[in-house]
Amino acid sequence: MTESDQLAERFRANHAVLVVARDRLQAAVDDGTASDDQRKRLDTVNELLTPVTVTDVDADGNVVEVQRPRQFLEVDPEGQGRAVEVLGDLQAAKNIAVLVPGMGNSLDTFRGQSDRGDLIKQEAGPGTAVVVWLDYDSPQSLVQAASKDAAIEAGPRLAEFMNEVDELKAEDADVTLVAHSYGTDVAAQAVMAGARPKRLVMTGSPGIAKYVDEAADFVQPPTRLYTERAPGDYVSYTEWHGPDPANFSDAIRMATTDPRAGDDPVSVHWHNEYYRPNSESLRNIGRVVRGDLTSITTTNTSRSAETKLFLGTSWGGALNAAAGAASKVYDGVVALTKPSKESAGAAAGQAAAGRTTNGAGRGSEGRQR
């Protein structure tokens, strides 16, 4: 079986997983036992099973529109849910983007991320495939997102997936890892675990780690780091997990609003507007994905300038200071609740001794019987 056949079979297998989930959920609805969450998940699964319209070339060379099932490399309809969807032809693409969403995502919100991936695909242009990677338990609240645990757990899995993409893609295809918000932490962990995309794009990052204050601290060649921070992005201003990558001197910070535009550019503000259609922010992401690096527009605006109020005051600096103090308190509480290396080692030793003793006891009982 060729790699193409294996990929098609994988798409079919995950389609079948969704069909089974749909039938089970529909049965619960029909017999009146379905919970509200199950009804919502049924709507989600039905949407994921809805065919999409794509263009193809028929036997006579004519461009035609055809319906095909959505392409999932992974899908888990249980619990919070996970999915990895391929938009386009992964094996034939010249440029590939892997999109990693941030907090607040689940299978029930996946459509929004798939739409975002499609916007990147359209912006990057012909010959592009996008993979939307939500194969981790995205934090569902600010309290959960305050911890790096989900990113630390997900990073190696993403690194392994990036290696899989390298095996599936055309030899000369370039891969760009695009991450938003908490997803930038996941992407950073993947890069530190050995992932080597040609380019890495981070938008609205809360920081990577307290000790990471330049790209060289975590990005290894040939990967190059590109960042975006929109005016008013409170998540980036907090620097909760570490210094804002948009300030790294060895990263390329891209503009989110076209500096050459007229009086009515598409504005990008706050935390969730980086992928607005026709915005300079999305255009720059598309330029990175297709390798049109000389067309990228850049900026070096400061946090203070982006949040200037009146009389020279700025709320961005105040937020950063408050978040910094809160982060130190949070880190202190976490440190108090986690066992030290010494106590963890002692506990492990005691557990091992207990297993040995218990094992011997069970053996004796077995012989007596």
Side-chain angles (χ1 to χ4, degrees), residues 3-4 6-22 41-56 66-93 95-124 127-138 154 157-169 173 175-183 186-187 190 195 197 201 275 282 285-286 289:
E3 285 189 353
S4 181
Q6 291 175 352
L7 192 59
E9 179 56 33
R10 195 163 165 185
F11 292 152
R12 284 192 291 269
N14 283 293
H15 181 85
V17 169
L18 290 171
V19 170
V20 170
R22 179 198 62 194
R41 182 54 54 86
L42 176 60
D43 290 340
T44 296
V45 170
N46 279 327
E47 189 273 323
L48 297 177
L49 283 169
T50 302
V52 294
T53 302
V54 297
T55 57
D56 201 351
V66 296
Q67 296 279 310
R68 65 152 177 77
R70 292 170 68 176
Q71 303 176 139
F72 292 98
L73 283 170
E74 301 286 347
V75 67
D76 182 359
E78 304 301 323
Q80 185 172 311
R82 296 181 179 185
V84 178
E85 183 177 17
V86 176
L87 309 175
D89 190 335
L90 184 60
Q91 293 180 304
N95 303 297
I96 298 167
V98 177
L99 175 64
V100 184
M103 68 165 283
N105 281 288
S106 67
L107 195 65
D108 295 319
T109 67
F110 189 78
R111 182 67 208 208
Q113 296 302 321
S114 182
D115 289 345
R116 182 174 287 181
D118 194 55
L119 288 171
I120 294 173
K121 181 176 180 293
Q122 292 178 36
E123 188 62 50
T128 301
V130 175
V131 182
V132 185
W133 190 89
L134 186 62
D135 193 19
Y136 81 107
D137 292 331
S138 164
R157 184 183 306 110
L158 176 57
E160 183 178 349
F161 176 75
M162 295 295 287
N163 290 335
E164 182 181 349
V165 170
D166 284 341
E167 294 174 359
L168 290 171
K169 72 179 183 66
V175 179
T176 300
L177 185 56
V178 182
H180 177 63
S181 192
Y182 193 90
V186 177
V201 176
Y275 304 88
L282 181 59
I285 294 170
V289 171

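Bear in mind that the values here come from a model prediction, so they are computed numbers and not experimental data.
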Enquirer: Ignoring hydrogens, what is the shortest heavy-atom contact between A187 and A179? Give both atom names and the distance.
Expert: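 Shortest heavy-atom contact: CB-CB, 3.8 Å.
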Enquirer: Which distance, rounded to the nearest 0.5 Å, do you find between the CE of M103 and the CG of D137?
Expert: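 Between atom CE of M103 and atom CG of D137 there are 14.0 Å.
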Enquirer: Does V17 reach the side chain of F72, with side-chain heavy atoms less than 4.5 Å apart?
Expert: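 No, every pair of side-chain atoms sits at 4.5 Å or beyond.
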Enquirer: Should E74 and L134 count as side-chain neighbours, where that means a heavy-atom distance under 4.5 Å?
Expert: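 Side chain of E74 against side chain of L134, heavy atoms only: no contact under 4.5 Å found.
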Enquirer: Applying the side-chain contact (heavy atoms from CB on, under 4.5 Å) criterion to W133, which one of V100, L99, L73, V165 satisfies it?
Expert: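 The passing option is V100.
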Enquirer: Test H15 against every option in V75, L48, L49 by the side-chain contact (heavy atoms from CB on, under 4.5 Å) rule and name the one that passes.
Expert: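 Of the listed residues V75, L48, L49, the side-chain contact (heavy atoms from CB on, under 4.5 Å) partner of H15 is L49.
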Enquirer: Can you name the nearest heavy-atom pair linking S114 to E85, along with the distance?
Expert: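 Distance-wise, the nearest heavy atoms are OG-OE1, 2.9 Å.
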Enquirer: Does I285 reach the side chain of E123, with side-chain heavy atoms less than 4.5 Å apart?
Expert: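 Side chain of I285 against side chain of E123, heavy atoms only: no contact under 4.5 Å found.
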Enquirer: Compare all side-chain heavy atoms of Y275 with those of V178 and state whether any distance is below 4.5 angstrom.
Expert: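 The answer is yes, as the side chains (C-beta and beyond) meet within the 4.5 Å cut-off.
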Enquirer: D115: which residues meet the side-chain hydrogen bond (donor to acceptor under 3.5 Å, both in side chains) condition with it, sequence neighbours left out?
Expert: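 So D115 forms a side-chain hydrogen bond (donor to acceptor under 3.5 Å, both in side chains) with R111.
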Enquirer: Nearest 0.5 Å please: distance from the CG atom of N95 over to the NZ atom of K121.
Expert: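 Between atom CG of N95 and atom NZ of K121 there are 11.5 Å.
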Enquirer: How long is the gap from CD on E47 to CG on L42, to the nearest 0.5 Å?
Expert: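 Separation between the atoms: 12.0 Å.
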Enquirer: With side chains defined as the heavy atoms from C-beta onward, is the minimum distance between S138 and Q80 less than 4.5 Å?
Expert: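 With C-beta onward as the side chain, the pair touches.
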Enquirer: Measure the shortest side-chain to side-chain distance between K169 and L90 over non-hydrogen atoms and say whether it is less than 4.5 angstrom.
Expert: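 Of all side-chain heavy-atom pairs linking L90 with K169, none is under 4.5 Å.
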Enquirer: Would you please name every residue forming a salt bridge (charged side-chain N to carboxylate O under 4.0 Å, His left out) with R157, sequence neighbours left out?
Expert: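 Counting only residues at least two positions away or on another chain, R157 forms a salt bridge (charged side-chain N to carboxylate O under 4.0 Å, His left out) with E153.
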Enquirer: CD/E167 to CG/N163 distance, rounded to the nearest 0.5 angstrom?
Expert: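 Between atom CD of E167 and atom CG of N163 there are 7.0 Å.
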Enquirer: What are the two closest non-hydrogen atoms of A129 and D89, and how far apart are they?
Expert: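 What the structure gives for the nearest pair is CB-O, 3.8 Å.
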Enquirer: Would you check if D135 and L158 make a side-chain contact, meaning some heavy-atom pair closer than 4.5 Å?
Expert: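 Side-chain contact under 4.5 Å: no.
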Enquirer: For A154 versus Y136, what's the shortest heavy-atom pair and its separation?
Expert: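 Minimum heavy-atom contact is CB-CB, 3.4 Å.
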Enquirer: Counting N and O atoms only, with roles assigned by atom type, does the side chain of N105 sit under 3.5 Å from a partner on the main chain of G102, one being a donor and the other an acceptor?
Expert: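 Yes; judged by distance alone, with no hydrogens or angles, the pair exists.
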Enquirer: Have Q122 and D118 got a donor and an acceptor in their side chains that come within less than 3.5 Å?
Expert: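 There is such a pair (donor and acceptor under 3.5 Å, judged by atom type) between the side chains of Q122 and D118.
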Enquirer: Which pair of non-hydrogen atoms, one from A93 and one from T128, has the smallest distance, and what is that distance?
Expert: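 Closest approach of A93 to T128: CB-C, 4.2 Å.
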Enquirer: Within a strict 4.5 Å, meaning less than it, do heavy atoms of the V45 and R41 side chains meet?
Expert: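 A side-chain contact exists here, since the closest heavy-atom pair is under 4.5 Å.
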Enquirer: Taking all non-hydrogen atoms of both residues, which atom of V52 and which atom of R70 are closest, and how far apart?
Expert: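 Minimum heavy-atom separation between V52 and R70: CG1-CG, 3.5 Å.
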Enquirer: Assess whether atom CD of E160 is packed by more than 12 heavy atoms of other residues, nucleotides or ligands within 6.0 Å.
Expert: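 No - once you tally the heavy atoms of other residues, nucleotides and ligands closer than 6.0 Å, there are 12 at most.
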